[in-house]
Colleague: 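Below is the structure I would like to discuss, written out as structure tokens.
Just the heavy atoms: all of them, side chains too, but no hydrogens, waters or symmetry mates, feed the values below.
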Amino acid sequence: MPSKNDSPEQGDAPSKSEQTRALILETAMRLFQERGYDKTTMRAIAQEAGVSVGNAYYYFEGKEHLIQGFYDRIATEHKVAIRDVLARETDLEARLAGVLRAWLDIATPYHEFAVQFFKNAADPASPLSPFSAESEHARVEAINIHRQVLAGATKTKVPEELRDLLPEMMWLAQMGLVLYWVYDRTEGRERSYRLAERSARLTARGVSLARFRVLRPLVREVHDLFTDFLPGMTNAVPDPAKEKKEKKDKAGKTEG
């Protein structure tokens, strides 16, 4: 099966396989918007795209994987859209505000669609969740963007011990913005753009304060809180039953 990460180099013409994959994804996005996520079947997508059902499943194992394709496409478009901002700005607040505004711009055409499928994505056990294992690629790409935001903020000194923690926390803040955007009914999602500006300002101030050694333990504590309790993040919540079984198995091997 073609990998979702397989994409032509910039300037290369897409292969027939890549064209077919893109056609299926575009068709699915249109049908999801027109009919809703739950009412759209893989058979309907294949029929509208003019391909066999087997061919549709060859490129995407199911509707959930089509959403992953959508996540990846948004991530790719976002990376392209922020190039000028990251190349031009060196102030952390300006860099982050530009990144968040760019995401809102790119996501604008998909707002109604996002509202429709969010009830599925909000389920922590769903592959559509941004915290799921299936969403790891898009999640890592988004966190890497925030890593670039920090790295290029020449006026802001980030303690080395926090350089891996802060991008994850910034991405989590962006997820809060996304949640607000889903429910935002103001014209042009005006309030979401205002939230992006204020969020960037607050984050920049928080990162600036993190340079003080006395506050670094607090930053790590907040990070650990998220990673311990949010599914899909770096640390999993311990399963007492599993730990008990592992200890029992280990004891059995020792006695043997």
Side-chain angles (χ1 to χ4, degrees), residues 1-12 14 18 21-22 24-26 28-29 59-61 64-89 92 95-111 113-114 117-118 120-122 124 126-153 158 162-179 181-182 192 196 199-200 203 207 223 226-227 230-235:
M1 180 178 296
S3 168
K4 66 184 177 183
N5 298 329
D6 290 343
S7 58
E9 294 295 326
Q10 190 172 4
D12 292 347
E18 291 160 347
R21 188 179 189 280
I24 294 170
L25 180 58
E26 291 291 342
M29 293 302 105
Y59 288 96
F60 299 95
E61 295 178 20
E64 296 87 354
H65 291 81
L66 279 160
I67 297 299
Q68 298 308 323
F70 168 69
Y71 287 165
D72 289 333
R73 184 173 69 179
I74 288 290
T76 299
E77 291 179 4
H78 193 207
K79 284 198 297 184
V80 173
I82 63 175
R83 285 175 182 169
D84 288 345
V85 172
L86 296 186
R88 181 179 67 250
E89 302 289 353
L92 178 58
R95 288 170 70 82
L96 182 55
V99 164
L100 296 179
R101 284 195 303 266
W103 189 92
L104 292 172
D105 290 343
I106 291 169
T108 293
Y110 307 106
H111 186 264
F113 162 59
F117 88 88
F118 179 74
N120 296 287
S126 171
L128 305 184
S129 168
F131 301 103
S132 70
E134 290 84 354
S135 301
E136 181 180 8
H137 178 258
R139 182 169 62 247
V140 169
E141 288 293 301
I143 292 173
N144 281 339
I145 284 177
H146 288 291
R147 189 167 283 113
Q148 293 177 48
V149 169
L150 279 176
V158 179
L162 300 181
R163 286 176 187 170
D164 288 334
L165 277 62
L166 289 174
E168 285 189 355
M169 296 176 69
M170 292 164 67
W171 174 76
L172 286 168
Q174 181 181 337
M175 288 300 97
L177 172 64
V178 172
L179 177 60
W181 169 80
V182 168
S192 292
S199 176
T203 299
V207 172
H223 177 268
F226 284 126
T227 57
L230 280 178
M233 295 302 286
T234 53
N235 300 324

Colleague: Test side chain to side chain contact (heavy atoms under 4.5 Å, CB included) on Leu25 and Tyr59 and set out the steps.
Modeller: CA-CA 9 Å; Leu25 180 58; Tyr59 288 96; over 6 Å; no
Colleague: State, to 0.1 Å, how close Ala196 and Leu100 come at their nearest heavy-atom pair, and which atoms those are.
Modeller: O-CD1, 3.7 Å
Colleague: Is there side-chain contact between Val178 and Trp103, with heavy atoms separated by less than 4.5 Å?
Modeller: yes
Colleague: Applying the side chain to side chain contact (heavy atoms under 4.5 Å, CB included) criterion to Leu96, which one of Val85, Thr203, Ile145 satisfies it?
Modeller: Thr203
Colleague: When rounded to the nearest 0.5 angstrom, what is the spacing between CD1 in Ile67 and CZ in Phe113?
Modeller: 3.5 Å
Colleague: Any sub-3.5 Å donor-acceptor pair from Gln68's side-chain atoms to His137's backbone N or O?
Modeller: no
Colleague: Nearest heavy-atom pair of Ala81 and Ile106: which atoms, and what distance?
Modeller: CB-CD1, 3.7 Å
Colleague: Hey, does Glu136 have a side-chain heavy atom less than 4.5 Å from the side chain of Arg139?
Modeller: yes
Colleague: Any heavy-atom pair between the side chains of Ile24 and Leu66 that's under 4.5 Å?
Modeller: yes
Colleague: Working to the nearest 0.5 angstrom, can you tell me the gap between Arg88 CZ and Ile82 CD1?
Modeller: 12.0 Å
Colleague: Tell me, please, which residues at least two apart from Ala151 pass side-chain contact (heavy atoms from CB on, under 4.5 Å).
Modeller: none
Colleague: Are any of the side-chain heavy atoms of Gln148 and Val99 separated by less than 4.5 Å?
Modeller: no
Colleague: Flag the pair His146 / Leu166 as yes when at least one side-chain heavy-atom distance between them is below 4.5 Å, and no otherwise.
Modeller: no
Colleague: Nearest 0.5 angstrom please: Arg73 CZ to Thr76 OG1, how far?
Modeller: 10.0 Å
Colleague: For Ala107, does its backbone N or O pair with a side-chain atom of His78 as donor and acceptor, under 3.5 Å?
Modeller: no
Colleague: Considering non-hydrogen atoms only, spot the tightest contact between Ala75 and Glu141 and give its length.
Modeller: CB-CB, 4.4 Å
Colleague: Taking the six-membered ring for Trp and the single ring otherwise, decide whether the centroids of Trp171 and Phe131 are under 6.0 Å apart.
Modeller: yes
Colleague: I'd like to check Arg163 versus Leu150 (side-chain heavy atoms, cut-off strictly below 4.5 Å). Are they in contact?
Modeller: no
Colleague: Could you pull out all residues at least two apart from Arg147 that satisfy side-chain contact (heavy atoms from CB on, under 4.5 Å)?
Modeller: Ile143, Asn144, Asp164, Pro167
Colleague: Is a donor on one side and an acceptor on the other found under 3.5 Å between the side chain of Ser132 and the backbone of Leu128?
Modeller: no
Colleague: Is any side-chain heavy atom of Ile74 closer than 4.5 Å to a side-chain heavy atom of Phe70?
Modeller: yes
Colleague: State the CZ-CG distance between Arg101 and Leu104, to the nearest 0.5 angstrom.
Modeller: 9.5 Å
Colleague: Which heavy atom of Pro130 sits nearest a heavy atom of Met175, and at what distance?
Modeller: CB-SD, 4.0 Å
